[in-house]
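Report on the following structure.
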Amino acid sequence: MPGVVVVGSQWGDEGKGKVVDLLTEQADVVARYQGGNNAGHTVMFNDKTHVLHLIPSGIFRPGKQMVLGNGVVVDPGALLDEIDSLRRAGVEVGDNLKISDAANLVMPYHKAFDKLREQLRGAGKIGTTGRGIGPAYEDKMARKGVRFSDFHPGHEQKFCERLKEVLQEKNVLLRSHFNDQDAPLFDVEEIYRRQLAYYQRIKPFLCDTSALLNDALEAGKTVLFEGAQGPQLDVDHGTYPYVTSSSTVAGGACTGCGVGPTRISQVIGITKAYTTRVGEGPFPTEITEGPIGELLQQRGQEVGATTGRVRRCGWFDAVVVRQAARLNGLTGLAIMKLDVLDTLETIRIGVGYTDSEGNHYDSIPHWLGSYGGLSPVYEDLPGWNTPLRGITRYGKLPRAAKAYLERISAEAGVPVILVSTGPRREETIFLEQG
Ligand code: IMP
């Protein structure tokens, strides 16, 4: 399996961390390709739960190479905190981590503008993670970003001049917003000094990761590309404008790591057995009333790993996963948290939508993010009423659980290759690879 992309199939938080950790056993390299520390990938290691925001989820496997590609936006302070906390937990972080020197940085003003924009949006807020991700990608596209390579020695003066230009604009915007000439300003000197100190510590990890990854693939090594978020948060294909600012789909692995599409041979869609969403925006199969939404939230411990926000919960939405299969070219599905559904009498699957005039939709219209207004069409399946926690063989699953998995697979048109029955590595069923 030379180039394998692991992507979310819904609105993120599907359980990519556990699958990447598991698959890293058979891989040589794991590379993140987009997003930043808005992501929160949860991995259980040595009976402890670790949440990774930037560093790939394969870091707990000794001898494997971790990479942050050029498409990731890196908050240097957050990265160093994560490295320090992993080292304190006894996890090796040294030459096994390489970071693209073409990656754009999340600067302090990006975080300030993220919060300010959300305030200005009021009721129409996106519900961002507040980590400065959107403003960092905006500056990257506007060609006003700062990259690690900008600290190249001997060019300090030129770099500071460019930073000054960028800050001039930020400061004008800030002052006009506060309508106050004394509004706090971002200072070039102070920002430069702090970022340079971060850079000195991060420098040993930096390289041209596109070259590293292509060399690895050329040498027949296996590279796992670890996606963050999910296709419904993709800036092109998600429920715009309630999305993040990067290409979360499998194609993002190529641009975000500098590898060609011919290098990718498998795309695994990580799919929660129900649906969750953090932040604002449409969610047709959301359960807003009654005990079932609360049951999913509590049994699934559905709390955002980055912000601690309670996740919105709902039934499995086959329309969303069908679209994920199309957008990503999925070759296999990993169904996560199946055990969370153990106590339900009846399990619903959203198979389509209708609007108030009775029109039917079997795919997501691009105006859904802006206008909402679609209700799900459900199909009901019997529950299994048996604890699944820890089952490791497909044959041991109750018939109703198998029927549910088969229904999901048929809807997506993609085979199920893995089923998770608990958070631990061993609480996993591997099916024949499709
Ligand atoms: P941002 O990425 O912080 O700009 O947030 C934009 C939207 O994406 C918000 O709805 C966030 O809640 C959501 N989001 C960002 N990262 C994640 C994630 O890792 N999991 C789930 N939702 C996320």
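For ligands, and for the atoms within them, numbers begin at 1 and follow the listed sequence. If you read the sequence from its start, that first residue is 1, and numbering goes on from there.
Closest protein heavy atom to atom 2 (O) of ligand 1: T244 OG1, 2.6 Å. Atom 3 (O) of ligand 1 has its closest protein heavy atom at T129 OG1, 2.6 Å. Of all protein heavy atoms, the one closest to atom 23 (C) of ligand 1 is L233 CD1, 3.6 Å. Summary of contacts: the protein heavy atom closest to atom 5 (O) of ligand 1 is T128 CA, 3.3 Å. Among protein heavy atoms, atom 21 (C) of ligand 1 sits closest to D13 OD2, 3.1 Å. Scanning the protein heavy atoms around atom 10 (O) of ligand 1, the nearest turns out to be V278 O, 3.3 Å. Looking only at heavy atoms of the protein, atom 19 (O) of ligand 1 is closest to A39 CA, 3.3 Å.
Crowding of Q200 atom CD: a count of heavy atoms from other residues, nucleotides or ligands under 6.0 Å exceeding 12.
When each atom of ligand 1 is checked for a heavy atom of V243 under 4.0 Å away, the hits are 6 (C), 7 (C). Here is the list of ligand 1 atoms found below 4.0 Å of a heavy atom in Q229: 15 (C), 16 (N), 17 (C), 18 (C), 19 (O).
Ligand 1 is never approached by R277 to a heavy-atom distance shorter than 4.0 Å.
Taking only nitrogen or oxygen atoms, main chain and side chain alike, S245 does not reach within less than 3.5 Å of ligand 1. Inclusion of R131 in the set of residues having an N or O under 3.5 Å from an N or O of ligand 1 is not warranted. Between N38 and ligand 1, a contact under 3.5 Å exists for at least one N or O pair.
Under the side-chain contact (heavy atoms from CB on, under 4.5 Å) test applied with L79, the options L105, N37, L68, V72 reduce to a single match, L68. The side-chain contact (heavy atoms from CB on, under 4.5 Å) test with Y274 singles out one residue from L341, I292, T285, and that residue is L341. Checked against Q232 for a side chain to side chain donor-acceptor pair (under 3.5 Å), the options Q323, H237, R277, Q10 give a single hit: Q323. Each of K272, R309, Q297 was scored for a side chain to side chain donor-acceptor pair (under 3.5 Å) with E302, with one residue passing: K272.
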Carefully, step by step, assess E118 and R121 under the rule salt bridge (charged side-chain N to carboxylate O under 4.0 Å, His left out).
CA-CA 5 Å; E118 285 285 85; R121 284 186 190 110; 2.7 Å; yes
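Taking the six-membered ring where the residue is Trp, Y361 and W367 present perpendicular rings, their angle passing 60° and hence far from 30°. Ring orientation note: the planes of W315 and Y378 are nearly perpendicular, at an angle over 60° on the 30°/60° scale. Ring pair Y199/F151 is parallel by interplanar angle, where below 30° counts as parallel and above 60° as perpendicular.
With hydrogens and angles ignored, the 3.5 Å screen pairs a side-chain donor or acceptor of T271 with a backbone N or O of G269.
For W11, every heavy-atom contact with ligand 1 shorter than 4.0 Å involves the backbone, none the side chain.
Nearest-heavy-atom check against atom 9 (C) of ligand 1 across G304, G127, G279 picks out G127.
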